[in-house]
Amino acid sequence: VLKDTSDIYAISESPWKPGELWLAVFQENRGRVIRFNETDGAKELYFTPLEQYGVFDVLVDPFNGNHVYFGSGDGGFFETRDGGRSWKLLRRFREGIVGLEGDSTRSGRLWLFGSKKSIFITSDAGLTFSQLDQTLKSFKGGKDIYDFLYDSREGTIWLGSEYGLLHSFDGGLHWRAPSGIISPDLLPVRAVAIDPAHSQMIWVASKNQVYYSSNAGVSWSGQVLPVD
């Protein structure tokens, strides 16, 4: 199914079916969704009706292995509830959907990222949406997002952006910037990581520097890394 010239944009593994992978692929000038498992091998389950539009991300529902979402470059946000036999368009946005992030503790709650720097959230599996990026406008470069990390234990979001590090306690409705973490000449923040067992422990990467907080961003220290 995959060609030598294919580009794989995203992979999502089914938590219900170990080893089953869902791929967002651009191949032969169309976006495609391909499922791989040991039983069927690689099987194409969707391709965009129009050429030059990609499928940029795919996400398996953590509570239902047959429930899968994907976003496409033509603004379509789709789902299947039968393992890819049929697909339903949930919403057509005015910009391409280039990224998806799900809540591993709550079925139907997702964040969608648009090609024009918009962020949308749905808490009911695509029935309704709210746009979140308007509040980011108050942070210069805040809509230029490099990393988005949702901490399901605490219900908070950490955002790496051109502005720097941003933090939300309410799913992205409001944002704040931790003070004094990074000097302006070391921006932007391109990567964020959280200890899988301790939400208070956070790492942030900016250029060739790494910063660490042991108290959820109240204070930070630089981590010295070897640099040639």
Side-chain angles (χ1 to χ4, degrees), residues 8-25 31-37 45-46 54-73 75-84 86-93 95-115 117-133 136 145-161 166-175 191-197 199 202:
I8 300 174
Y9 290 140
I11 301 174
S12 184
E13 183 177 14
S14 172
W16 291 90
K17 303 173 183 179
E20 180 171 280
L21 303 178
W22 291 74
L23 310 179
V25 177
R32 302 170 191 269
V33 176
I34 294 175
R35 184 189 66 202
F36 175 84
N37 57 41
L45 300 175
Y46 180 88
V55 171
F56 292 105
D57 208 352
V58 60
L59 184 67
V60 182
D61 188 328
F63 297 90
N64 182 350
N66 289 318
H67 189 197
V68 182
Y69 305 93
F70 77 82
S72 66
F77 178 55
F78 293 81
E79 72 167 359
T80 177
R81 292 181 177 267
D82 54 16
S86 62
W87 295 90
K88 177 182 179 181
L89 176 65
L90 296 174
R91 176 68 66 90
R92 179 77 65 186
F93 293 90
E95 58 189 293
I97 299 301
V98 297
L100 305 174
E101 184 77 22
D103 184 341
S104 62
T105 65
R106 181 175 171 183
S107 180
R109 191 182 198 206
L110 301 93
W111 292 266
L112 286 68
F113 301 89
S115 58
K117 304 179 183 180
S118 300
I119 306 176
F120 306 94
I121 184 174
T122 176
S123 297
D124 50 20
L127 294 177
T128 59
F129 291 87
S130 298
Q131 190 167 347
L132 302 179
D133 55 283
L136 289 173
I145 298 169
Y146 296 109
D147 202 2
F148 178 100
L149 185 60
Y150 177 67
D151 181 5
S152 59
R153 292 185 302 269
E154 297 293 328
T156 61
I157 298 172
W158 294 92
L159 201 68
S161 72
L166 294 169
H167 192 200
S168 175
F169 291 94
D170 56 10
L173 295 176
H174 302 90
W175 299 90
V192 185
I194 296 178
D195 188 287
S199 294
I202 304 165

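Here the side chains of Leu90 and Tyr69 are in contact, with some heavy-atom distance below 4.5 Å. Using a 4.5 Å heavy-atom threshold, the side chains of Arg35 and Ser14 count as separate. Put simply, the side chain of Glu101 does not reach to within 4.5 Å of the side chain of Ile121, judged on heavy atoms. Contact check for Ile145 versus Asp133: no side-chain heavy atoms found under the 4.5 Å cut-off. Inter-residue side-chain proximity for Phe77 and Leu100 is flagged as met; some heavy-atom pair is nearer than 4.5 Å.
Under the rule for a side chain to side chain contact (heavy atoms under 4.5 Å, CB included), the partners of Thr80 that lie at least two apart in sequence or sit in another chain are Val68, Asp82, Trp87. Taking Asp151 as the reference, Arg153 meet the salt bridge (Lys or Arg N to Asp or Glu O under 4.0 Å) condition, with sequence neighbours excluded. With sequence neighbours excluded, the residues satisfying ring pair (Phe, Tyr, Trp, His ring centres under 6.0 Å) with Phe148 are Trp111, Phe113.
Of the possible polar contacts, none joining the Glu13 side chain to the Glu20 backbone as a donor-acceptor pair under 3.5 Å is found. One N or O on the side chain of Thr122 and one on the backbone of Thr128 form a donor-acceptor pair closer than 3.5 Å. A distance-only check finds no donor-acceptor pair linking the side chain of Arg81 to the backbone of Asn64 [under 3.5 Å]. Counting only distance, with no hydrogens or angles, the side chain of Asp57 and the backbone of Ala10 share no donor-acceptor pair below 3.5 Å. Thr156 places no side-chain N or O within donor-acceptor distance of the main-chain N or O of Ser168, the cut-off being under 3.5 Å. Formation of a donor-acceptor pair under 3.5 Å by the Trp22 side chain with backbone atoms of Ile34 is not found in this model.
Remark: aromatic rings of Phe129 and Phe93 are close, center separation under 6.0 Å.
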Evaluation steps, side-chain contact (heavy atoms from CB on, under 4.5 Å), between Glu95 and Phe120: CA-CA 11 Å; Glu95 58 189 293; Phe120 306 94; 3.8 Å; yes

Test log, rule side-chain contact (heavy atoms from CB on, under 4.5 Å), inputs Leu132 and Leu173: CA-CA 6 Å; Leu132 302 179; Leu173 295 176; 3.6 Å; yes

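For Gly172 against Ile157, the heavy-atom pair with the smallest separation is N-CD1, 3.8 Å.
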